[in-house]
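This report concerns only the one structure given below.
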There are 2 protein chains.
Amino acid sequence: MPRRRLTWNDKLRRLREFVRAHDRLPGYQELMALMGFRSSHSAFRLWTRLTRLGYVRKDAAGKLAPTPRLRGTLRMLGTVAAGFPSPAEEELADILSLDEFLIRRPEATFLLTVTGDSMIEAGIHPGDLVLVERGVQPKNNDIVVAQVDDEWTLKYFIRDEEGVRLDPANRKYSPIRPRRSLVIGGVVRAVIRKYG
Amino acid sequence: MPRRRLTWNDKLRRLREFVRAHDRLPGYQELMALMGFRSSHSAFRLWTRLTRLGYVRKDAAGKLAPTPRLRGTLRMLGTVAAGFPSPAEEELADILSLDEFLIRRPEATFLLTVTGDSMIEAGIHPGDLVLVERGVQPKNNDIVVAQVDDEWTLKYFIRDEEGVRLDPANRKYSPIRPRRSLVIGGVVRAVIRKYG
DNA sequence: TACAATAGTGAACGATCGTTCACTTTTCAA
DNA sequence: TTGAAAAGTGAACGATCGTTCACTATTGTA
C-alpha cells in the first residue's frame, strides 16, 4: 500500500488544527507524525517552506513562531450583500486575529462596558463594549472616555476656536464645555457588541 | 553588587513582553537570560510555578504552551461610568484575548462587512463588521445573514405559528415571509465597529 | 533570633531539536 | 518519454531542552 502523500492544503490544514489545539507549533517529532514523514529532514524542509511563505517566522534566536496567518482564526470575507462564497473561495480568504486587527498598543488598551445612552445615535448602546486606548491625544470627532463633573461618560471630542467641547450623540443631552478640569481617560478605538 | 532579585510581578511582566514580542514562549536559555538566572533549574522551577498558577499549560506531550491568561492582551475593566481604576487595580483586571472571547467555533466563523441599513435600529450600521457563525440553527430573535430574493441581508430571525419570518430593524422596510426557499448563511454572534 | 518556607545554584544526563550532506522517489510539463 | 524540479529518506552531530538530585541563600515571621 503506497502511503498517500499529503497535498499542500492538507498539510496546512493539519498544521492549523495542531496549532489551534495546542497553542504552540509542533516539534520535529510531532510534525513528522502529523504529516506522516519518516525523516526529520522532511520536517526541516517543511518548516523552511512555511517560513518562506510567511506562515511561520524565524526570530533572531533562530526559533520558529507562528504568524497571524497561521494562528489567526477568523476568515475575512467580503460584504453581507455578496453573501457567502464557495468553499474554494473561502480557502483564499485572509485569515486574521481579532486582537491584532483591533489592538495597536496592548499594554494601553482596555475593554469597558458602556453605561448610559449618551452615544446611542452613534450606534453605541448600553451594554456594548468599548475598546479604549489610553495615553493618546484625541483628534477631532474621536469618541473619548471623559470625566465630566466627577462622572465618566462617552462623548465626541471636539476642539474649536473656543477650546474643547464634548458632544453627546443623543438629542436629550447637551454639548459640554469643561470649565475647570478635563480628564480624558482614553480614545475609543472600537465598539464590540456580543450576542448570546 | 548584590544583583537584585526580581519580584513576581516583574517576572510575569517580562515574560508577557517576551511572549508578545516573539509569539512564543522563551526556551530555557532565554528564560534564564530574561530573569537573570544562572541555573536552568531555576527556569524549570519558574515553569512549574507558572503551570501551577495557570499561566502556561502542559499538554499531553509534556510541552508547554501559553494560556489566554498569559498571551491575552486586553484588560477587561468595569464600566464606563466607573472610569479608570488605579494602576494597582488595573493589575488585577482579567486579561483576555478577543478571539477567544468572541469566537466559539473558529473553523465556522467569518467576518463580513455590513452593507445596507436594514438593521440600523439595532445599532448595526453600514461599514460595521459582523462576526457570523455558520452551520448553527438560529434561535428566535437571533440576527441572521439570510438570502432573500437572491439578495443577502441581515435580519432578525423569527419563527411563529405561521412559519419563519425575517424582520428588519428599520421602519423603512417590511418583515418578510419567505415563500419558496430560505437560505440562512449564519448567525451573527457579534458586531464590531472599528474607528480610525 | 531562629527556623521554616521560598528562591536560587550547579552538575549531570537522556531526549529532542535544528541542521548538514548525500541519496531516492514522485510529479509534471516540454 | 524523458528529464528536471519538487518531495521524501536516512544518517549523523552539536546544541538545547526537560528533568533529577543535592546543596546554598534570602525572606518573612513566631
For D/dC17, does OP1 or OP2 lie under 4.0 Å from any side-chain N or O of B/Q29? yes

Any side-chain heavy-atom pair from A/I192 and A/D128 closer than 4.5 angstrom? no

Which nucleotide in D/dT9, C/dT9, C/dA7 has an atom nearest any side-chain atom of B/R49: C/dA7

Look at the side-chain N and O atoms of B/K63 and state whether any lies under 4.0 Å from the OP1 or OP2 oxygen of D/dT19. no

Is there a side-chain contact between B/S42 and the phosphate of C/dT9, meaning an N or O under 4.0 Å from OP1 or OP2? yes

Side-chain donor-acceptor contact under 3.5 Å, B/Y173 with B/D117: yes

Distance in angstrom units between B/M32 CE and D/dG18 C1', rounded: 13 Å

Taken to the nearest whole Å, CZ/B/F37 to C1'/C/dT6 is 12 Å

Euclidean distance, atom CG of residue A/L31 to atom C1' of C/dT16 [Å, nearest integer]: 14 Å

Considering only D/dT19, D/dT20, C/dG8, which nucleotide approaches the side chain of B/H41 most closely? D/dT20

Donor/acceptor link under 3.5 angstrom from B/S40 side chain onto base of D/dT16: no

Measure from CG on A/D10 to C1' on D/dG8 and round the result to the nearest Å. 17 Å

Taking A/D59 first and then B/R24, would you say they form a salt bridge - that is, a charged N and a carboxylate O separated by under 4.0 Å? yes

Quick one: which of C/dT19, D/dA7, D/dG10 gets closest to the side chain of A/F44? C/dT19

Let me know the distance between CE of B/M35 and P of C/dT6, rounded to the nearest Å. 20 Å

Side-chain donor or acceptor of A/D99 paired with backbone N/O of B/D99 under 3.5 Å: yes

Atom CG of B/L46 to atom P of C/dT6: distance rounded to whole Å? 15 Å

Quick one: does NZ or CZ of A/K139 land under 6.0 Å from the six-membered ring centre of A/F157, within 45 degrees of the ring axis? no

Quick check: on DNA chain C, is the nucleotide nearest A/Y28 upstream (toward 5') of the one nearest B/W8, or the reverse? Name the residue that is more 5'. B/W8

Write down the distance between CZ (B/R45) and C1' (C/dA5), rounded to a whole number of angstrom. 11 Å

Grab the CZ-C1' distance between B/R38 and D/dT26 for me, whole Å please. 15 Å

